[in-house]
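Structure first, then comments.
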Amino acid sequence: MIDPRLLRESPDDLRESQRRRGEDVALVDRLAALDIERRSKQTAYDDLRAEQKQLSKRIGPLQGAVKKGDSSAQAELDDLMAQASQLSDRVKAADAAAGEATRALDEAWLELSNVVDMRAPVGGEEDVAVLEMVGSPRDFGAEGFTPRDHLELGELLGAIDVERAAKVSGSRFYYLTGVGALLEIALLNLAMAQATRNGFIPVIPPVLVSPRAMEGTGFLGQAAENVYRIESDDMYLVGTAEVPLAGMHSDEIMPASGLPKRYVGWSSCFRREAGSYGKDTRGIIRVHQFDKVEMFVFCDPADAEAEHERILQWERDFMDALEIPYRVIDVATGDLGSSAARKFDIEAWIPTQGTYREVTSTSNTTQFQARRLGIRMRSGDEVQPVATLNGTLCAMPRIIVAILENHQQADGSIVVPQALRPYLGRDVLELP
RNA sequence: GGAGGGAUGGCCGAGCGGCCGAAGGCGACGGUCUUGAAAACCGUUGAGGCGUAACCCGUCUCCGUGGGUUCAAAUCCCACUCCCUCCGCCA
């Protein structure tokens, strides 16, 4: 949800934002009409209600007078009661009309995506702007061998088992076994060590959440088809810890002195991957369930941009520590998702695919989520919605893919990046 | 799953159907006093919509959520949610 004042004061900015996203521009005009409708209905109700309160206030004393035997008051009382009774019906009708108008407006508001940052490149998936290339891909030709893909390596190492996972859960599931499981635990510890060093509060959140949390973070719009819903209980499995972390402070007013508030969550993530049939069917690049370490920040909207840069830098620090070549991209407007105003992805080099693949993503959702979730800050006597930001620190399967493929040796063993060694307790993952 | 109790402002806590956005206390903030602080005393202290672009001011809404009764609901009725206690079951 965005600031309603924008709708009245600069609707053209909203239209431009919708246009850049490739979303419905007419929605802005529909909203404007509904907004006017709501205000007039609400004012009508307010006026009637004020009248009713005035009238009602006079009835009590009159009833007292009548009780004491003042028969002259009886006529006035009867008259007032008749008026009030009639007014009551009108108030109820006006209330219903105002309520209806408010509901219609609120519903339409939920359809409107966040206003894009005008610096974000315009376009779709192919229109990303590459901000930076870091590290350089290994030349396996020069080293004299052809790299194996992560699944082959994972199977050789006894680290990844998708065949058995298919028996148990179907396609796009996996077991991490042996060094695979240990690798995830080591990555978790490395990520948590970095995050806590940077002042993040570690959190293990619930992953089954109410519609409110899902709606508030913007995942029930276009993204809804990728969300698992537990029908019998009207709950959702989260696709990222961003959801429970954002919801943590819903309906709270946070003191400005306590901001920024930085959390790092570790959770399982569930994604239906609807519409991605045939994509990444081999291995663990695209799966229905995986674990992820996610950074989430509540901050003053004035600091959001700087915080976004910091989060990106922390993501890069992690990639640097793992010695994986990557590039940083500025995601185009058509690919932002409903809540982000701007998004930077880090894409890791995947040798066997000869391309860069997304491993982290950081979004500045400005006040969009905070407005929906009722998360505000107080500075002095001013109260306003906070800004929220999120960023991946370590999405397990994809990072494991990147490590295996980039650090493999001719025999299929894996050189463990220096930074990970203390957490893994070995320098090389040897074939069993 | 069964039985009972509860939900009021930052916190605690009172509240007869009308004078209740709500007593009282705590906390916080401002002031008096003090060399300074503490204590004491005085005062201020919720959020949102609309009238306004903003202030002042006015008005409406909000006492877990949603309905209902009534001229009038924090207060009465119904449903739901959450929390607590006890029993049962499970990890």
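Order of the sequence lines fixes the chain letters, A, B, ..., with proteins taken first and strands second; residue numbering starts at 1 for each chain.
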query = Would you write out the dot-bracket form of RNA chain B, 5' to 3', with Watson-Crick and G-U pairs under 3.5 Å, [ ] for crossing pairs, | for pairs to other strands and . for unpaired bases?
reply = (((((((..(((.....[.....)))((((((.......))))))((((((.....)))))).(((((..]....))))))))))))....
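- Heavy-atom nearest nucleotides on RNA chain B were determined for Arg378(A) and for Arg103(A), and the one closer to the 5' end corresponds to Arg378(A).
- Distance noted for atom P between rA72(B) and rC19(B): 14 Å (whole Å).
- Taking the salt bridge (Lys or Arg N to Asp or Glu O under 4.0 Å) definition, one finds that Glu111(A) meets it with Arg30(A), sequence neighbours left out.
- Spacing between rA47(B) and rA22(B) at atom C1', rounded to whole Å, works out to 15 Å.
- Using the six-membered ring where Trp is involved, Phe173(A) and His288(A) have ring planes that are tilted, between 30° and 60° apart.
- Interface residues of residues 36-55 of chain A facing RNA chain B, ordered by number: Arg38(A), Arg39(A), Thr43(A), Tyr45(A), Asp46(A), Arg49(A), Ala50(A), Gln52(A), Lys53(A); criterion, heavy-atom separation under 4.0 Å.
- Here Glu315(A) pairs with Thr360(A) under the side-chain hydrogen bond (donor to acceptor under 3.5 Å, both in side chains) rule; sequence neighbours left out.
- For the P atom pair drawn from rG48(B) and rG43(B), the interatomic distance equals 27 Å after rounding to whole Å.
- Counting any heavy atom pair closer than 4.0 Å across all strands shown, Arg5(A) reaches no nucleic acid atom.
- Every residue was checked against the side-chain hydrogen bond (donor to acceptor under 3.5 Å, both in side chains) condition with Lys261(A), not counting sequence neighbours, and none meets it.
- A distance of about 12 Å separates the C1' atoms of rA23(B) and rU8(B), rounded to the whole Å.
- Spacing between rG49(B) and rC55(B) at atom P, rounded to whole Å, works out to 11 Å.
- Comparing rA3(B) with rG9(B), their P atoms are spaced 30 Å from each other, to the whole Å.
- His308(A) pairs by the ring pair (Phe, Tyr, Trp, His ring centres under 6.0 Å) definition with Phe344(A), not counting sequence neighbours.
- For Arg376(A), the salt bridge (Lys or Arg N to Asp or Glu O under 4.0 Å) criterion is met by no residue, not counting sequence neighbours.
- In this structure Asp117(A) satisfies the salt bridge (Lys or Arg N to Asp or Glu O under 4.0 Å) test together with Arg119(A), sequence neighbours excluded.
- Using a 4.0 Å cut-off between charged nitrogen and carboxylate oxygen, Asp29(A) and Arg15(A) count as a salt-bridge pair.
- A donor-acceptor pair under 3.5 Å is absent between the side-chain atoms of Arg271(A) and the main chain of Arg286(A), judged by distance alone.
- Among the heavy atoms of the strands lying under 4.0 Å from Arg8(A) are primed sugar atoms or P, OP1, OP2 only; no base atom is included.
- If you take atom P in rG21(B) and the same atom in rG58(B), they sit 15 Å apart, rounded to whole Å.
- For RNA chain B, the span of nucleotides reached by chain A at under 4.0 Å from its heavy atoms goes, 5' to 3', from rG18(B) to rA73(B).
- Both Glu9(A) and Ile253(A) sit near RNA chain B, but only Ile253(A) has its closest nucleotide nearer the 5' end.
- Every residue two or more places apart in sequence or in another chain that forms a side-chain hydrogen bond (donor to acceptor under 3.5 Å, both in side chains) with Arg262(A) is listed here: Glu307(A).
- Of the C1' atoms belonging to rU69(B) and rA14(B), the separation is 26 Å, rounded to the nearest Å.
- Looking at residues two or more places apart in sequence or on another chain, you find no side-chain hydrogen bond (donor to acceptor under 3.5 Å, both in side chains) involving Arg38(A).
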Result block: side-chain N/O donor-acceptor pairs under 3.5 angstrom for residues 88-102 of chain A, not counting sequence neighbours:
unit_1	atom_1	unit_2	atom_2	d
Thr102(A)	OG1	Ala98(A)	O	2.8

